[in-house]
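As structure tokens, the structure follows; a few thoughts come after it.
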Amino acid sequence: MAKKKENSLRNKRVTDIAFAAIIIAVMAILNFVPNVGYIKIIPGAFEITIIHLFVIIFSWLLGWKAGILSGATFGLFCWANSFIIGNPAFQNPLVSILPRIFFGFIAGLAFDLTRLIRRPKLRYSIDVILCGVITVFHTLAVLLMLYVAFNSEEVFATFMKTMFASMAINFPVEVAGALVLCPLVILALDKAFPQYQAIYHGTVKKKAKETLYDTITAQYHDDLLKHLGEFVAINSVYDEETVSKENPFGQGVTNALTYIANLAKDDGFEVRNYANKVVEIICGEGKNITIMAHADVVPAGTGWDQEPFQMVDRGDRLTGRGVADDKGPLLAAYYAMKAVRDNHLQGDYQIRFIVGGNEESGSAGVEYYFQKLKKPQPDFGFSPDAEYPLIFAEKGIINFEVKKKLSLKHIHSIHGGVASNSVIEKCDVVMDYDPEFITYLTDHDYKFSHVREDDIDTITFHGVAAHGSTPELGFNAGIAAIKAIAKFYTNKDLLHLHNCYENLQGYGLEAYANSDEMGHNSLNVGIIDWVEKGEFKMIVNFRYVDKCHVDEAQYNIKEHSKPFSVEFLSESKLLFYPKESVLVQTLLEAYQKETGDYKSTPKAIGGGTYAKEADNVVAFGAEFPGWNSNMHSPGEQMKKTDLFKSVSIYAKAIVDLGKKLEERNEN
């Protein structure tokens, strides 16, 4: 998470600087272009100014530091302009510069203080009033400094009469302009720069009121928690050792699919289990709304403070492998389906729930369902396996294997990683005991531990686990191990491999691409495996954006990886739905009306979901904005309130999508 925050802060600083530059440029134009920033209405009188409005806007948006900067800029420009137009009063810095700096500081400080107000309407109302009050303060501050600077001069009395006569006209216009124009500009800037939170919209929790769907789904909360605890207790990690014809993804996955099938049967749904690859739950007939979720989970990994396959209720949140990905959201959507049926809210359409068995290691289950069994594609659908408000675009995903037969001096084996779509958390290197290598690792700040038995040393390189879609949030222990071995023992093959695969955006392979909508390509080495005198193998997870030329990227990956060979194992195509589409807008409105959150916007992600495996499906929840569920990491968690609210959101989404289907039928 530290890397993510660092990038966020860096991006904000760049935006701050860019915004400051624009404000300063605008203020320069207003100061030095005649009759633009200073507008003369009555000949012989002082001009009306609109420049102070930009100080107010900048202060409102960015606070007291920005207020001082913009106020000082206003003052310096005013002072310089006084020599051009021949205004001796403002050639005195006490009149032109000092009150403007103080004005900017007071403006920024006032707006900073209103940020403490947690009632959105009250805060905005006070901010609007402040625009007028601060304008009054600006005028009075300038008048005060005029009095201080010129009171002893004979011309002062005549000068002040002219000033006050002008103020009788200028003052009300400037105040009115501040009260009207500043709030309007801030409304627009708040949409363009939501990270500044210039207008407080309130949190989802404080804005949301209990809805009809909250009321009708509340009765299922206890059952949801009970069954989620039982569901999490099933270790449904893909298990190659128990794979068979009857258990295509291993015994644990079969047990999880059987569990959800039996639950649905007991609740009176029509249920079919297709070869222990996918379970289908049906309610109704006609055009379908399809929900796609998965029962498998990633391996537990290390670093837990509890038994991973045991749901722990910590009061406000639930922890355990699968509570967030995807067993909790799966059951939230299931009980939403049940609530719609039980409360007679389902119209003339079918609700179809598909539970797959190997989303984390591929999508063979749903591929079997749609491609082999030729089941009808969804008319509308969603997958509760990502974030709110919804995901309109998902990167394409290519898994490939890099391999070459190697003989490594002093090394007996290297093993790291559990899945291609997870950052390697630890990598074990079994080797001859070499105290100089241990010293090298210590001197170069590698994170490692080691256990020596006679002349054999097992060195464990430690990293930080993260989802393969966001490798920058983790630290890859496997890449660290390759780097250390390559550099200390001067192994050209491993050094080349490190140089190719260290960069997480694909630069080392010339497989980089960037998109305004989807961000950039990403690269994650998920599994490393080598045994003495055998083939060195890496499984790599490559994710690409809509601007990526896929064929060219694959060619470059192969060429730059040489002398290692590359075999492309699987590809999940890119997904992209227009934000204005009926599916996206309907789901977005369901989320907004159930939460009161109208500020969060649809997202593009690097993660791949079941949405790619069918038509007319997007990923929809259940991670709320601002929450870190620790998916694919130790301490996976979900708030209970978020879980319960998701049932309401999904129930409304089903009903609203159903209405869209019925409208289509009528037309």
Side-chain angles (χ1 to χ4, degrees), residues 272 274 277-294 326 329-330 333 336-337 346-359 362-387 389-398 517-518 543-546 550 570-591 602-621 650 653-665 667:
R272 296 184 184 89
Y274 294 103
K277 293 182 177 181
V278 61
V279 167
E280 175 191 68
I281 305 168
I282 297 291
C283 180
E285 296 180 348
K287 290 187 176 294
N288 72 78
I289 295 167
T290 298
I291 303 166
M292 302 175 67
H294 64 91
D326 186 37
L330 184 158
M337 174 183 179
Q346 184 176 355
D348 188 19
Y349 53 86
Q350 181 185 86
I351 306 173
R352 178 177 59 170
F353 204 121
I354 300 171
V355 181
N358 80 324
E359 194 270 349
S363 296
V366 291
E367 182 179 333
Y368 176 81
Y369 182 83
F370 286 113
Q371 305 302 322
K372 181 71 173 179
L373 301 179
K374 304 297 182 183
K375 292 290 185 175
Q377 289 289 332
D379 293 294
F380 281 131
F382 62 85
S383 178
D385 189 22
E387 304 169 55
L390 61 89
I391 307 302
F392 75 95
E394 298 180 15
K395 292 179 183 178
I397 303 175
I398 297 175
E517 293 271 29
M518 300 188 70
R543 301 178 186 236
Y544 60 88
V545 300
D546 55 314
V550 181
S570 63
E571 180 176 3
S572 176
K573 298 293 186 180
L574 178 141
L575 176 145
F576 194 100
Y577 279 89
K579 293 179 184 178
E580 64 274 12
S581 65
V582 173
L583 176 60
V584 169
Q585 285 299 309
T586 302
L587 294 177
L588 178 62
E589 288 174 11
Y591 167 80
K603 302 177 181 181
I605 62 168
T609 73
Y610 273 158
K612 290 182 177 179
E613 309 303 325
D615 298 339
N616 306 312
V617 176
V618 296
F620 184 42
Y650 291 145
I654 292 169
V655 172
D656 289 354
L657 289 174
K659 290 177 181 177
K660 297 297 181 182
L661 286 181
E662 291 175 329
E663 289 173 8
R664 282 185 179 180
N665 292 337
N667 295 331

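Positions are given from 1 along the sequence.
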Which donor-acceptor pairs under 3.5 Å do side chains of residues 370-378 form with protein atoms, sequence neighbours excluded?
{"unit_1": "Lys374", "atom_1": "NZ", "unit_2": "Gln371", "atom_2": "O", "d": "3.2"}
{"unit_1": "Lys375", "atom_1": "NZ", "unit_2": "Tyr274", "atom_2": "OH", "d": "2.8"}
{"unit_1": "Gln377", "atom_1": "OE1", "unit_2": "Asp615", "atom_2": "N", "d": "2.8"}

Would you say Ile654 and Ile291 make side-chain contact, with heavy atoms under 4.5 Å?
yes
Who passes ring pair (Phe, Tyr, Trp, His ring centres under 6.0 Å) against Phe392, sequence neighbours left out?
Phe576
Provide the full list of side-chain hydrogen bond (donor to acceptor under 3.5 Å, both in side chains) pairs with a residue in residues 576-586, sequence neighbours left out, each pair given once.
none
With no hydrogens and no angle check, is any side-chain donor or acceptor of Glu280 less than 3.5 Å from a backbone partner on Ile354?
no
Partners meeting side-chain hydrogen bond (donor to acceptor under 3.5 Å, both in side chains) with Asn616 (sequence neighbours left out):
none
Which atom pair, heavy atoms only, marks the closest approach of Pro602 to Val584?
CG-CG1, 4.4 Å
Step by step, work out the side-chain contact (heavy atoms from CB on, under 4.5 Å) result for Ile398 and Val550.
CA-CA 10 Å; Ile398 297 175; Val550 181; 3.9 Å; yes
Under 4.5 Å between any side-chain heavy atoms of Tyr349 and Ile289, yes or no?
yes
Quick one: are Phe382 and Leu657 in side-chain contact, heavy atoms under 4.5 Å?
yes
Is a donor on one side and an acceptor on the other found under 3.5 Å between the side chain of Asn358 and the backbone of Gly365?
yes
What's the separation between atom CD in Gln346 and atom SG in Cys283, rounded to the nearest 0.5 Å?
4.0 Å
Thr609: partners by side-chain hydrogen bond (donor to acceptor under 3.5 Å, both in side chains), with sequence neighbours left out:
Glu394
Could you tell me whether the side chain of Phe380 reaches within less than 4.5 Å of the side chain of Val582, counting heavy atoms only?
yes
By side-chain contact (heavy atoms from CB on, under 4.5 Å), which residues pair with Ala590, not counting sequence neighbours?
Lys652, Ala653, Asp656
Under the salt bridge (charged side-chain N to carboxylate O under 4.0 Å, His left out) rule, collect the residues that match up with Glu367, sequence neighbours excluded.
none
Nearest atoms (heavy-atom pairs only) where Leu588 meets Leu390
N-CD2, 3.5 Å
Check whether Arg543 reaches the backbone of Gly606 with its side chain - one donor and one acceptor, N or O, closer than 3.5 Å.
yes
How far does CD of Glu662 sit from CG of Asp348, to the nearest 0.5 angstrom?
6.5 Å
So which heavy atom on Ala619 is nearest to which on Ala611, and how close?
N-CB, 3.8 Å
Could you pull out all residues at least two apart from Lys659 that satisfy salt bridge (charged side-chain N to carboxylate O under 4.0 Å, His left out)?
none
Can you tell me how far CG of Leu661 sits from CD of Gln350, rounded to the nearest 0.5 angstrom?
11.0 Å
Let me see the working for Met292 and Val617 under side-chain contact (heavy atoms from CB on, under 4.5 Å), right down to the final yes or no.
CA-CA 9 Å; Met292 302 175 67; Val617 176; 4.1 Å; yes
In this structure, is the centre-to-centre distance between the rings of Phe620 and Tyr591 below 6.0 Å?
no
Contacts of Tyr544 meeting side-chain hydrogen bond (donor to acceptor under 3.5 Å, both in side chains) (sequence neighbours excluded), chain-then-number -> Glu571
Partner set under salt bridge (charged side-chain N to carboxylate O under 4.0 Å, His left out) for Asp379, not counting sequence neighbours:
none
Residues which pass salt bridge (charged side-chain N to carboxylate O under 4.0 Å, His left out) with Lys603, listed by chain and number, not counting sequence neighbours
Glu387
Please name all residues satisfying side-chain hydrogen bond (donor to acceptor under 3.5 Å, both in side chains) with Asp385, sequence neighbours left out, ordered by chain then number.
His294
Minimum-distance pair of heavy atoms, taken over all atoms of Ser363 and Tyr610
OG-CE2, 3.9 Å
Rounded to the nearest 0.5 Å, what's the gap from NZ on Lys287 to CZ on Arg352? Could you check?
12.0 Å
Answer whether the closest heavy-atom distance between the side chains of Phe353 and Leu330 falls below 4.5 Å.
yes
